[in-house]
Amino acid sequence: VTDDIFVFSLKTKKQKELTMKLFDEEGYELVGHRTFNAEKGSTYRALNVETLNDGTYTFELTDKMGRSSKKKISVKRK
């Protein structure tokens, strides 16, 4: 996270619709949600996290088949 923007990239072998969710540290409160199309090859997306408090969040990507990938991200301002 830089300048209140979380940038992520992913690679896919074919175009697919993905859902991005961002949950609070406990994993209960949904603090961000977006559906987007990932093109074949590399895709880059940015999410404004300016309104989030400093802390650790769970970033989750899910495809239409229900497959998901999760990663912890930290928001920490100087």
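Just so you know, residue 1 is the first one in the sequence shown, and it goes up from there. As a basis for the values below, the full set of heavy atoms in this structure was taken, side chains included, without hydrogen atoms, waters or symmetry mates.
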Nearest heavy-atom contact between Asn48 and Ile5 is CA-CD1, 3.9 Å
Quick check for you: to the nearest 0.5 Å, what is the distance between Leu61 atom CG and Leu10 atom CG?
6.0 Å
Working to the nearest 0.5 angstrom, can you tell me the gap between Leu52 CG and Leu47 CG?
7.5 Å
Under 3.5 Å, side-chain donor or acceptor atoms of residues 14-22 against the rest of the protein: list the pairs with distances, not counting sequence neighbours.
none

Between Asp54 and Arg77, is there a side-chain N and carboxylate O pair less than 4.0 Å apart?
yes
If I take atom CD from residue Glu60 and atom OG1 from residue Thr58, how far apart are they, to the nearest 0.5 angstrom?
8.5 Å
Look up atom CD1 in Ile73 and atom CZ in Phe8, then write down how far apart they are to the nearest 0.5 Å.
9.5 Å
Extract all donor-acceptor atom pairs below 3.5 Å that involve side chains of residues 25-42 and protein atoms in other chains or at least two apart in sequence.
from	atom 1	to	atom 2	distance (Å)
Arg34	NH1	Ala46	O	2.9

Can you sort out the partners of Phe23 under ring pair (Phe, Tyr, Trp, His ring centres under 6.0 Å), two or more places apart, ordered by chain and number?
none
Is it true that Tyr57 and Phe59 have ring centroids separated by less than 6.0 Å?
no
